[in-house]
> 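The structure is given below, and queries will be raised subsequently.
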Amino acid sequence: MLDLKYIKENAEAVKKNVADRFMTVDVDRVIELYDRRNVLISEIDGLRQKRNENAKKMKGPMEQAERQKLIEEGKKLKEDIAKIEEEFSGVETELKEEASKVPNMAHPDAPIGKEDKDNLEIKRSGKVPAFGFKARDHIELGTELDLIDFDTAAKVSGAKFYYLKNEAVILEMALSRYAVDMVMKHGFTPTITPDIAKEEILEGIGFNPRGDESNIYSIEDTGTCLVGTAEITLGGYFANQIINSEELPVKMAGISHCFRREAGAAGQYSKGLYRVHQFSKVEMFIFCKPKDADDFHEEIRGIEEEIFSSLDIPFRVVDTCTGDLGAPAYRKYDLEAWMPGRGDNGGWGEITSTSNCTDYQARRLGIRFKDDDGKNKHVYMLNGTAIALSRAIIAIMENFQTEDGSIRIPEKLVPYTGFDIIKKK
RNA sequence: GGAGAGAUGGCCGAGCGGUCGAAGGCGCACGCUUGGAAAGCGUGUGUAUCGCAAGGUACCGGGGGUUCGAAUCCCCCUCUCUCCGCCA
């Protein structure tokens, strides 16, 4: 959520930002509701003041007639207050609803564009493999080598689920541990987080847990949901708290399962492990002071690059365009790995994403710190994928395949897997 | 899941329907004292929101209600603790 006063005072900039993101939000309505709300607050507060004064007069002993008069006056005030309070609560509800649709401001350098193809490539790393044979995709490889079973998962759990088997299991655990070691080296506290979170936390992070469009699984009658990422549970960690400013930055890494409904998601790029209802992920999260956020964003991106370049996975980095930023994000970088099995001749597929969400999430979650000037301010919150295991597995399987259908293991990972090649049995 | 107890400021802990934004203590900050420190003494010390300001309003786990007036009474919910049951 943006600061309402900010929206009012910067209406034109806010509207431009909404347009740049190709969203439709009625900014004027937000301001109108905000103004109305403030008028009502003044009225209510004035009446309450009278009510309190009236009640105070009745403290001591007094004539019955006089007391009766005051009681009547109090009753009248009570009714007046109730009337305005009713309008106020309606306005407040609508204001909150409308205001939460307003996206975060975008970084001035974020490329302006509508969809992912407008993202700006800013870097490439590693060499796209040149095979002397027709590259197979991970589905074919995984079936051949008995590593992934989609068909049985479809029977047992539904489409877009999978069983990982044999070496793929070890590979997933190895990658997970590799990423955890890497983020620990960079000062992140490793955590294993709950896979379920309350709706209010989801909303605070900027997810919409309800509705057909929602990518979130809700758990009936509990007010909770399955998390789509540990960003939710890490971000909610300090909800409604004031963090000691000496404790900042707080750097945490969460290992969790991730559940996504992916309603309506289909097409050739959703095949296999690429877009599934459940996967596991190691996520980085930083709470920091505003002035440090840009630097930490670069740091997170650097760690992501370090993880994938050390695994010899070719990738490129894109600066996400305004239309492709999530509503809470001020700026976002994605790492896209080369996936030889994608499309006809291979293609880039997103493997990590890191966002600087400034104070957008902190405002609704109530996460603050006491600044040097003695005032409480919202912290800035950043998140980034250390490793999304299912997609990392795609990248390894497809980039490290050999002509005979085996899969080599990246050198740095061999100490973690205990084997250096996956061969047909 | 069953039975009971509890939830008050950074922490501990009082609190009779009006004098309670809330005693007292600890902690913290500043000052005095000291060669310096400790002790001692004094002063101060929550958050949010509206307002140019003066100031107002709200908040005693959360939500409703009773009342002229609620931290205090009533109802619902959540969480914590103890005991029992079940269980990886």
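Every value quoted in this text rests on a predicted model; they were computed, and no experiment measured them. Chain letters run A, B, ... following the sequence lines, proteins first and then strands; every chain starts at 1.
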> Scan every strand shown for a Watson-Crick or G-U wobble partner of B/rU67, both distances under 3.5 Å, and answer none if you come up empty.
none
> Return the 5'-most residue of the pair A/Arg37, A/Lys370 with respect to RNA chain B, ranking by each residue's nearest nucleotide.
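Result: A/Lys370.
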> Take atom P in B/rG15 and the same atom in B/rA7, then report the distance between them in whole Å.
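Roughly 11 Å separates the two P atoms.
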> Using a strict 4.0 Å threshold on nitrogen-to-oxygen distance, state whether A/Glu283 and A/Lys281 make a salt bridge.
yes
> Measuring only the P atom in each nucleotide, how far is B/rU66 from B/rG51? A whole number of Å is fine.
31 Å
> Taking only the side-chain nitrogens and oxygens of A/Tyr34, find out if one of them lies under 4.0 Å from OP1 or OP2 of B/rU49.
no
> Polar-atom pairs under 3.5 Å, protein N or O versus N or O of nucleotides 75-81 of chain B: list them with distances, or write none.
none

> Could you check whether A/Tyr380 and A/Phe287 have their ring centres less than 6.0 Å apart?
no
> Roughly, in whole Å, what's the span from CZ in A/Phe369 to P in B/rG46?
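Nearest whole value for this atom pair: 20 Å.
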> Side chains of A/Gln361 and A/Glu231 only: does a donor on one sit below 3.5 Å from an acceptor on the other?
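A/Gln361 vs A/Glu231: donor-acceptor pair found between side chains.
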> For A/Lys76, report the nucleic acid contact type (base, sugar-phosphate, nothing); a contact means any heavy atom under 4.0 Å.
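Since no nucleic acid heavy atom lies under 4.0 Å of A/Lys76, the category is nothing.
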> On a whole-Å scale, what distance lies between the C1' atoms belonging to B/rG17 and B/rU67?
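Result for the C1' pair: 9 Å, nearest Å.
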> What integer distance in Å separates A/Leu4:CG from B/rU49:P?
10 Å
> With both distances under 3.5 Å as the test, what is the Watson-Crick or G-U wobble partner of B/rC59?
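Paired with B/rC59, as far as the under-3.5 Å criterion goes, is B/rG46.
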> Is there a Watson-Crick or G-U wobble partner for B/rU19 with both distances under 3.5 Å, and if so, which one is it?
none
> Take atom P in B/rG63 and the same atom in B/rC59, then report the distance between them in whole Å.
9 Å
> Atom CG of A/Asn54 and atom C1' of B/rG69: how far apart are they, to the nearest Å?
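So the CG-C1' distance, A/Asn54 to B/rG69, works out to 9 Å.
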> Using the side-chain heavy atoms of A/Asn376, tell me which of these nucleotides is nearest: B/rU67, B/rU47, B/rC50.
B/rU47
> Any side-chain N or O of A/Lys56 less than 4.0 Å from the OP1 or OP2 oxygen of B/rG18?
no
> In whole angstrom, give the distance that lies between atom NE2 of A/His378 and atom P of B/rA48.
8 Å
> With both distances kept under 3.5 Å, what pairs with B/rG36, Watson-Crick or G-U wobble?
none
> What's the NZ-C1' distance between A/Lys57 and B/rG69, to the nearest Å?
13 Å
> Give me the atom names and distance for the closest heavy-atom approach of A/Ser256 to A/Thr193.
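Looking at all heavy atoms of both residues, the closest pair is CB-OG1, 3.3 Å.
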> Under a 3.5 Å limit for both distances, which nucleotide forms a Watson-Crick or G-U wobble pair with B/rC87, could you say?
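Because no pair has both required distances under 3.5 Å, B/rC87 counts as unpaired.
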> Report, as a single string ordered 5' to 3', how protein heavy atoms within less than 4.0 Å touch nucleotides 52-57 of chain B: B base, S sugar-phosphate only, - not at all.
----BS
> Write down the distance separating the C1' atoms in B/rA29 and B/rU82, rounded off to the nearest Å.
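Their C1' atoms lie roughly 40 Å apart.
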> B/rG27 and B/rC12: how far apart are their C1' atoms, nearest whole angstrom?
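Taking atom C1' in both B/rG27 and B/rC12, they lie 10 Å apart.
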> Which nucleotide, if any, forms a Watson-Crick or G-U wobble pair with B/rG31, using both distances under 3.5 Å?
B/rC41
> Within 45 degrees of the ring normal and closer than 6.0 Å to the centroid, is that where the cationic atom of A/Arg408 sits relative to A/Phe400?
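Geometry flag: not set, cation outside 6.0 Å or 45°.
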> Quick one: does NZ or CZ of A/Lys8 land under 6.0 Å from the six-membered ring centre of A/Tyr34, within 45 degrees of the ring axis?
no
> Report, as yes or no, whether the 6.0 Å neighbourhood of atom CD on A/Gln241 holds more than 12 heavy atoms from other residues, nucleotides or ligands.
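Counting neighbours around CD of A/Gln241, more than 12 heavy atoms of other residues, nucleotides or ligands fall under 6.0 Å, so yes.
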> Do A/Asp45 and A/Ser42 have side-chain atoms, one donor and one acceptor, less than 3.5 Å apart?
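Result is no, nothing qualifies.
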> Expressed in angstrom and rounded to an integer, what is the separation of A/Met1 atom CE from B/rA48 atom P?
14 Å
> Just how far, in rounded Å, is C1' of B/rG51 from CG of A/Leu40?
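One finds 15 Å between C1' of B/rG51 and CG of A/Leu40, rounded.
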> Taking NZ, NE, NH1 and NH2 as the nitrogens, is one of them in A/Lys50 or A/Glu53 under 4.0 Å from a carboxylate oxygen of the other?
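Between A/Glu53 and A/Lys50 there is no salt bridge, as every charged N stays at least 4.0 Å from the carboxylate O atoms.
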> Could you tell me how far B/rA70 sits from B/rG64 if I compare only their P atoms? Round to whole Å.
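To the nearest whole Å, 14 Å.
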> Testing the 3.5 Å rule here: is there a donor-acceptor pair between the side chains of A/Asp334 and A/Asn119?
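A/Asn119 and A/Asp334 do not have a side-chain donor-acceptor pair below 3.5 Å.
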> Scan every strand shown for a Watson-Crick or G-U wobble partner of B/rG9, both distances under 3.5 Å, and answer none if you come up empty.
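Its partner is none (no Watson-Crick or G-U wobble pair with both distances under 3.5 Å).
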> Scan every strand shown for a Watson-Crick or G-U wobble partner of B/rU82, both distances under 3.5 Å, and answer none if you come up empty.
B/rA3
> Any ring-ring contact (aromatic ring centres under 6.0 Å, His included) involving residues 146-179 of chain A? Give me the pairs, sequence neighbours left out, ordered by first then second residue.
A/Phe161-A/His277, A/Tyr178-A/Tyr416
> Strictly by modelled atom types, are A/Ser245 and A/Asp371 linked by a side-chain donor-acceptor pair under 3.5 Å?
no
> Considering only the P atoms, how many Å lie between B/rG18 and B/rA71, rounded to the nearest integer?
10 Å
> Quickly work out the A/Glu79 CD to B/rC68 P distance and round it to whole Å.
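It works out to 10 Å between those atoms.
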